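Below, chain A is the first sequence line, B the second, and so on; all start at residue 1. These numbers come from a predicted model, not from an experiment.
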Amino acid sequence: MYFNDEKALIIQEDGCVQLEVNHPDYEQMRKELICFADLMKTPEQFHTFHITNTSLWNAAAMGKKAEEIKQFLTTHCKMKVPLSVIQQVQKMMHRYGTLQINKENESLYINADTSLEQDWVQDKEIRSLLEEEIKEGKWKLKKQNRGILKKVMTSKGYPVIDKAGYDDSEQLPISLRDVTNSGEMFHIRDYQKEAVEAFLNSKNIFSGSGVVHLPCGAGKTMVGIYAMAKLQCEVLILTSNKTSVKQWKREIADKCNISTSAIGEYTGDNKQIKPITISTYQLLTYRRDKQHDFKHMKLFSSRKWGLIIYDEVHLLPAPVFRATADLQATRRLGLTATLIREDGRETDVFSLVGHKCYELHWKELEAKGWIAKVQCHEVRIDLSEADQKLYWESAAKYKHRIAGENSNKLQYIQRILHHHAHQKILIIGQYITQLEHIADVLKAPVIHGKSNNETREAYYNAFKQGKLNILIVSKVANFAVDLPNATVAIQVSGSFGSRQEEAQRLGRVLRPKKGDNEAHFYSLVSKDTVEQENSMHRQLFLVEQGYTYDIKEVSGDEKDGMYLVQ
Amino acid sequence: MFSEEWINTIPLSLLQQIREHASYQPLLQDGDAIEQLLQNKSKLKQAFQHLDPYVKQSLTYILIYFPASFFTIDQLLACDIDDVAGAELKAAVIQLSQLGMLYVFHRHRQQERWFILPQDLVSHWFSVCFSLEDHFSSIAKENTMDNDMISCDGFMEDVITILQFVQYQPITLTKKGVLPKRITHMLQQEIRSLDEHFQFVKFKEEKYASYPPYVAVLLDYSLRLGLTSISDDQLHIQPSVCNEWLQGSEQEHQIWMEKFIHEVFYPSTIYVQHLLSIIPLLSPHSCYAVADIMNQVRKELKWKDDQLEDEILTQFHLRCLKPLQALDCVLLHYDEHDDLYISLSEKKRIAMLYLQSDFSLLKPPHLQLDVQFELQLMTEKQDQQYKITKNSVMKACLAGRDGNYLCSFLQQVSKYGLPKNVEKCMMDWSRDAHNTNHGSIHTHNMHEMTSQRQQYQHVPLLFSNSCQSAEAIDVYNYMLDSQEINSILYSRYKDFQGSIEKKYLTFDDIYAYPHVIPSHWMHAYRKYHIAINVQIIETALHLHTYIMVRHKDENVYFVPKRLTKCDQAWKVEGNIKGRGQLSFHSSDWQEIKLILPGMNDKNK
């Protein structure tokens, strides 16, 4: 039969494989698929995997054969497997291992299997990156082109195994504590260990470089720390903001047997370069004007780093992309929860920092209790009369903001606060005036871009220590802010249709909770406005991860707030 | 012509005469229609067994020389046929027409009768007469690879795209009578790129050559089936026909497609016609090497031009298989040596899809057409996936749907139901579509309109399931005189100006002036004077028939080919049926009898 619904897979010509979640063999299929395909999204009924060149090369590196994959796909597909997919599997797995970069006497060479067709040599772009042909199947490679050659060849479907290795780095003895400085028992979770093992796996085509994908609150910092402990070398850590720099520093000092004097902050206030140095993307990309150089980029070469950690790697700015291309002799670890970029440069992250080497999905971790179970609510609120008039009379470019700042939202914030009284609540928004107004009414502190670091730290600490129940934050808290005890997040406005922002904001309440391990995420949107439309796009990433939004509509004169939760 | 159409066209009296033919009596049970018998392969086989041997043989020759083409008796007689006498061929044609197995047309001006095998029975006859399919070796589909250029069921999706394109209001044609280039270009963006598959289509008129071939094929299909029509220089949609088409059974769709193929894509080369006729005989579960099919057909049908083998294969591939592949009738496969294989496309349709909370829809390859139509109406195709978007819901609303309808439809066909968030959004969007200023909505269908609202008001329920046709619809508005069809592509029978023969043919229709033949020539087996013998032989030659003569104390059937006078005597050359050539001198002639097949051949 051409279509057999009893089977588990739907395979598309573009290499997307849809696995039916309710299929009795789901677990087994999933385990098989993950060996040669990347898990892309996990909505309720079908989980989407993508067979990519890289996923196939990694499968080949792990000893998987093209025939096994072909057999698996044809056996379990509801319909016939598209030829293009079969051809891709055969072609890409066949290519694996035929090209290598080797180091001989400090020079780099690319060696090719001469028994195979050398069609890649005809490619002008690849040719321009090679120095000279030494003999058949052997070319000398310009050292500075190592990264870019790998990027170009990978993008053209030729996997190059880089056996030239990494530069020697300064050693740094780091060990993990069993009991943290703060007196708590500490151990690395299994999936965190697996992530680092996958990163360092010598069989992996991009061994020693790669991106680890874990949900917010899953402990990506611990993955970085464990990688440092494994490699025992000097480390440069790049992250998104100063708060995060401090968190990294605090966590390293708390979890590792290392002197705090070995940990340096390289920020606007403090330019320390130590065996472990933590800096921000913002500082690295600072320059006085376009005519001047990025003077802080020298940080990359200021020590013999054995590892560079890119925290929140999805935020990697373009100049750092370029600098990273020259760092092929240094191990690179990217950490992210949401590798989605509205500029579509996700692939650049993969090719320069390294490919995705480990991923755990949100719902998977939730099921294991490593992150909180979050109930998502979208509350659609009528525009207030005044806002409605303003909204319809305004030009399109102002509508999103007017809808975002809808004054009717305030009463629903109060109802939610009332409903979740005594819980730790974050109110997150886009517009400072709106947030300050809410802060005034609620008599709660607010943190935004203009708040200095001391103020931020003070409020964050007070919140963590239970001295504050409500904290109002702007987008400064979108990333890398660790507030483990927050159980409710109320998003009052956001940046248009940013999927990443939505996911990161939800991530603020994902840290496991004591008791029922539950949290709530409310998104307040103005009904029948562009904000409602953008909201759907914002939710897309989370919906793809298997989250569902409970949508409620409320009118302005509604008095009962209890409908908000079941 | 297809059997059903022919039966619906001929007078009832003629149909009754066919029904009452003695050969059918054991086969036709009470109430059975003649077309049911003809469509039933095993009954057809039984009917074949009841035929006279020379009729069977003649039928095989008709299949070989005119598998699905009109022919005259003279054309049949001119074929290279040794083992059946001309009069037998003629008599066979009459007998086959009396059985309704061969259709007769009359061209009054030329005073000619033309014959043709029912197009839908050609494959059946190949099976009955040659059992060709038993000789093909097949391999498992799994051992080959599909050609992915063509996705399953894409043709129907593209037809639906065309219909949805036209549905909002008629498209005004240019002065030349073709679609404006801009519209053609927009259409091309929405459909698959398959022009290469139709590089050999012929256009009815030069002006249509401006159409990209695949656009022309889609338009032509919709016109021939009456889904669209051209009037007042506009291309119109025919909603009731469309509804009928969307809800047509698998079998009906197959017949409509076969008609379309017969009209437009039937090859002119006889050998390629043979190959094309074989395709329906293949098992749907197997995969066949095209070269193997050709070799078997060549052997069984005794092709003569061996040297043209490659050319025939190429023609078959380019002119038949590629269009058929694009029309989703066959799947082409290749093995590791790049050899071509063919299998039949799956026809079973499914009314189920998968809808996810991220607004994406996954669908099985052969979705029921009415479901496919709604799906295309309410979604946007993004890469390989269908997505429900605000724009797509608005588009559906413009076509007369509302939120409740869309949601209940999806609830009904989605294996896992309708996710709540999707339902909520769809209801909101449909409400917006009805409230909003239609002028701000943009979908690809919105061409050449004065206002969106006007458009919406015109076709509020077009194609919706609640829109039932009030009258019986003849979906395939087939007409023999193809001049009357608003078609774009060249029709096979374009030049054939004939009408269906409404008379029941008898042997008198082939033996001119039988009354002038002395009856004892046909009924007495006796010796005559040599002059009479010569007259009998001359009559046999004239009628392309044979005589019974005594040869070496044996009665034989002799087909005279040439009569010559030598040395005051006569010599006749010819062959004895089934035994080869022979010549008689007048001194050899003893008893003789003229045989007219159909008239006095029953005791031979």
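The NZ atom of B:Lys424 sits 3.0 Å away from atom CD of A:Glu553, with the distance rounded to the nearest 0.5 Å. The distance from atom CD of A:Gln45 to atom OG of B:Ser414, rounded to the nearest 0.5 Å, is 7.0 Å. One finds the CG atom of B:Asp358 at 10.0 Å from the OG1 atom of A:Thr42 (value rounded to the nearest 0.5 Å). Taking CD of B:Gln385 as the reference point, atom CG of A:Asp14 lies at 8.0 Å (rounded to 0.5 Å). Rounding to the nearest 0.5 Å places CG of A:Leu540 at 9.0 Å from OG of B:Ser360. Distance SG/A:Cys16 to CG/B:Leu362: 9.5 Å, rounded to 0.5 Å.
Around the NZ atom of B:Lys415, the shell of radius 6.0 Å holds more than 12 heavy atoms that belong to other residues, nucleotides or ligands. Around CD of B:Gln189, the count of heavy atoms belonging to other residues, nucleotides or ligands within 6.0 Å exceeds 12. Annotation for A:Glu27: atom CD counts as buried by contact number, over 12 foreign heavy atoms lying within 6.0 Å. Residue A:Lys399 places its NZ atom among more than 12 non-hydrogen atoms of other residues, nucleotides or ligands, all under 6.0 Å distant. Counting non-hydrogen atoms of other residues, nucleotides and ligands closer than 6.0 Å to CD of B:Glu250 gives a total above 12.
Using a 4.5 Å cut-off between heavy atoms, A:Gln539 does not touch chain B at all. For B:Lys420, no part sits under 4.5 Å from any heavy atom of chain A, backbone or side chain.
No other option in A:Glu544, A:Met536, A:Lys527, A:Glu44 has as many heavy-atom pairs under 4.5 Å with chain B as A:Met536.
B:Tyr354 and A:Phe3 have tilted rings, their planes meeting at an angle from 30° to 60° on a 0 to 90° scale.
Of residues 17-26 of chain A, those residues lying under 4.5 Å from chain B by any heavy-atom pair are A:Gln18, A:Glu20, A:Asn22.
Donor-acceptor pairing under 3.5 Å is recorded for the side chains of A:Gln532 and B:Asp428.
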